[in-house]
Amino acid sequence: MRFPRGGDIDLGIDGHGDLFAFGPTYTFDQPFLGGQASFSVLAIAGRNNASVDATLTAPAGGTISGSRSESLTAFGDVLPQFTVKWNNGTNNYMTYLMGLIPVGSYDPDRLANLGLGHGAIDVGTGYTYLNPATGLEFSIVGGLTYNFENPDTDYQNGIDGHIDWAASQFLNEQVHVGLVGYAFQQLTGDSGDGATLGDFKSRVFGVGPQVGYKFKAGDTTDGYVNLKGYYEFGAKNRAEGWNVWLTVAFSAVAPKPAE
């Protein structure tokens, strides 16, 4: 049976995720390459909702439509990361190496997943300017991500480049407010037997406000909470919308220098 050519396909995809990321960080006492090294392992859990609606319109005007929705509550992939940081007055530098271990809940036949279905390696470097006298802070981090092939779909995402930045002003010793943003651009095309749409390069940008608060969580523990939101725009072959991040971190109180 053949369908007459010249019709239209209207496809709508919608998704919503509530994710919780958690994990410890260990900071080494001994200097590494003249800097401070740390190792962390991040795990992800949460709920993902996805839906798709499609309508096929024939040249004569007849239509066929359908929809499908799914929800999933599960654990996601695990992300180990090694970081080295250096300090020189108001200037701070860092480099990192992060991996993605594909152990999260994933099924190629599902709409909603908490895992990517493939491994990845991300490497990058960053710079932070922090002036305690003026309370001005600016950070920027850039990196490259290499994605391994998904063995279930024979699909391999291309290498992507990403830049994250943040600028803020401390109102006092505890509170700072400012802006955050990021840019994501796929540098090489997708490949593999499953890449039937060609290179399918994607990009997206995001920008929004942030607020942070430092507090004493105990005699030997400091706490920090940060709330930031991104409005995404300029997307190509990628979803866009709003996403909000709430971060809570605890660390040991830094020892006072000997007098």
Side-chain angles (χ1 to χ4, degrees), residues 13-27 37-52 67-83 96-124 141 143-160 162 164 180 182 184 186 190 192 194-195 200 202 204 206 208 210 217 221 223-230 232 235 237-252:
I13 300 175
D14 185 47
H16 175 80
D18 297 307
L19 304 180
F20 176 68
F22 56 95
T25 297
Y26 178 79
T27 301
S38 62
F39 179 76
S40 61
V41 178
L42 192 68
I44 297 174
R47 183 173 180 82
N48 188 17
N49 303 279
S51 62
V52 60
S67 62
R68 179 182 171 189
S69 299
E70 286 185 359
S71 296
L72 175 70
T73 301
F75 286 96
D77 299 325
V78 173
L79 296 90
Q81 178 175 270
F82 179 73
T83 304
Y96 72 89
L97 174 65
M98 182 172 64
L100 185 145
I101 303 174
V103 296
S105 181
Y106 172 80
D107 186 333
D109 297 323
R110 279 201 311 249
L111 286 178
N113 285 293
L114 263 294
L116 294 181
H118 65 83
I121 295 177
D122 187 89
V123 60
V141 178
L144 296 172
T145 304
Y146 176 84
N147 298 282
F148 294 97
E149 185 175 275
N150 185 322
D152 293 307
T153 61
D154 298 322
Y155 195 103
Q156 184 173 9
N157 296 88
I159 298 173
D160 64 70
H162 51 88
D164 295 84
V180 292
Y182 68 84
F184 173 94
Q186 189 172 332
D190 299 344
F200 206 67
S202 61
V204 69
Q210 72 156 328
T221 305
Y224 174 72
V225 58
N226 180 275
L227 178 64
K228 56 187 176 183
Y230 296 93
E232 295 172 322
N237 297 327
R238 195 175 179 91
E240 66 179 5
W242 274 95
N243 62 78
V244 178
W245 296 76
L246 176 65
T247 303
V248 180
F250 298 96
S251 60

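One-based numbering along the sequence shown. This structure is a prediction, so every number in the text was calculated from the model and none was measured.
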Next item on the list: Measure the spacing between CG of D160 and OG1 of T145 and express it to the nearest 0.5 Å.
Entry: 4.0 Å

Check: At their closest point, which heavy atom of F184 faces which heavy atom of S202, and how far apart are they?
Finding: CE2-OG, 3.5 Å

Note to self: Could you report the tightest heavy-atom contact between V180 and G229, atom names first, then the distance?
What the structure shows: CG2-O, 4.1 Å

Check: What distance separates F82 CZ from S40 OG, expressed to the nearest 0.5 Å?
Finding: 10.5 Å

Margin query: Whether the side chain of N147 engages the backbone of G158 through a donor-acceptor N/O pair (distance < 3.5 Å, no angle test) should be reported.
Written below: yes

Next item on the list: Would you indicate whether the side-chain heavy atoms of N157 and F200 approach each other to under 4.5 Å?
Entry: no

Item checked: For the student: nearest non-hydrogen atoms of R47 and S71, plus distance -> NH2-CB, 3.2 Å

Note to self: According to ring pair (Phe, Tyr, Trp, His ring centres under 6.0 Å), who are the partners of Y182, at least two apart in sequence or on a separate chain?
What the structure shows: Y230

Next item on the list: Could you tell me whether the side chain of V78 reaches within less than 4.5 Å of the side chain of V41, counting heavy atoms only?
Entry: yes

Margin query: A side-chain contact here means heavy atoms from C-beta on lying under 4.5 Å apart; do P102 and L116 qualify?
Written below: no

Next item on the list: Without swapping roles, check the side chain of E232 against the backbone of G241 for a donor-acceptor pair under 3.5 Å.
Entry: yes

Checklist line | Flag, side chain of Q210 to backbone of K228, donor-acceptor distance under 3.5 Å | finding: no

Next item on the list: To the nearest 0.5 angstrom, please state how far the CG atom of D122 sits from the OH atom of Y96.
Entry: 3.5 Å

Next item on the list: Might you point out which heavy atoms bring G104 and D77 nearest each other, and give the distance in Å?
Entry: N-OD1, 2.8 Å

Next item on the list: Identify the two heavy atoms, one from T221 and one from F250, that lie closest to each other, and give their separation to 0.1 Å.
Entry: CG2-CB, 4.1 Å

Next item on the list: With sequence neighbours left out, write down each residue that passes side chain to side chain contact (heavy atoms under 4.5 Å, CB included) with D107, or none if nothing qualifies.
Entry: D109, R110, N113

Next item on the list: State the CG-CH2 distance between L19 and W245, to the nearest 0.5 angstrom.
Entry: 7.5 Å

Next item on the list: Starting at CG of L246, measure out to CG of L227 and round the result to the nearest 0.5 Å.
Entry: 6.0 Å

Next item on the list: Give, for atom CZ of F39 and atom OG1 of T25, the distance between the pair rounded to the nearest 0.5 Å.
Entry: 9.5 Å

Item checked: Shortest non-hydrogen contact between A235 and V204, atoms and distance -> CB-CG2, 3.9 Å

Next item on the list: Could you check whether the rings of F22 and F20 sit parallel, tilted or perpendicular, using 30° and 60° as the cut-offs?
Entry: parallel

Checklist line | Residue list, side chain to side chain contact (heavy atoms under 4.5 Å, CB included) with N150, at least two apart or on another chain | finding: Y106, H118, D152, T153

